[in-house]
Amino acid sequence: MKIKDGFLLRNIAGNYVVVPIGKENIDFNGMVSLNGTGAFLFEKLQAGITEEELIQALMQEFEVSEETAKEDVKLFIQKVEKEGLFE
């Protein structure tokens with residue numbers, strides 16, 4: 001899975017937001033707000049990573065159980081798909 005080109009993650013006053021850039025994303029309205037975990041997952045997805053690799057990375061970074069990581073990744077992927085950010 002990989003995030004489309006033309007979306008940047010920014011930390012603005014302690015808040016993480018994803019903003020569209022470039023003409024190819026002109027129809028995208030607004031910004032996507034993320035918490036720290038979401039920002040971590042978004043950065044991993046920008047580089048391209050499998051769902052299983054994403055779960056493993058989340059478990060290592062935040063020291064959470066596999067069950068918690070799977071649920072968090074599932075919810076995050078649903079949010080990203082809903083926003084149309086995947087290639």
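Across all their heavy atoms, Lys2 and Gln46 have their closest contact at NZ-O, 3.0 Å.
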Expected list for residues 56-65: side-chain donor-acceptor pairs under 3.5 angstrom, two or more places apart:
{"residue": "Gln56", "atom": "NE2", "partner": "Glu52", "partner atom": "OE2", "Å": "2.9"}
{"residue": "Ser65", "atom": "OG", "partner": "Thr68", "partner atom": "N", "Å": "3.1"}
{"residue": "Ser65", "atom": "OG", "partner": "Thr68", "partner atom": "OG1", "Å": "3.0"}

Side-chain polar contacts of residues 7-18 - donor-acceptor pairs under 3.5 angstrom, sequence neighbours left out - could you list them?
{"residue": "Asn11", "atom": "OD1", "partner": "Gly14", "partner atom": "N", "Å": "3.0"}

Pair up each side-chain donor or acceptor in residues 72-87 with any protein partner under 3.5 Å, not counting sequence neighbours, and list the distances.
{"residue": "Lys79", "atom": "NZ", "partner": "Ser33", "partner atom": "O", "Å": "2.9"}

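With values rounded to the nearest 0.5 angstrom, Ile3 atom CD1 is found 11.5 Å from Ile49 atom CD1. Of the inter-residue distances, the one linking Leu34 atom CG with Glu43 atom CD reads 10.0 Å to the nearest 0.5 angstrom.
Scanning for salt bridge (Lys or Arg N to Asp or Glu O under 4.0 Å) contacts around Lys44 gives an empty result, with sequence neighbours left out. Scored by the salt bridge (Lys or Arg N to Asp or Glu O under 4.0 Å) test, Glu53 finds no partners at all (sequence neighbours excluded).
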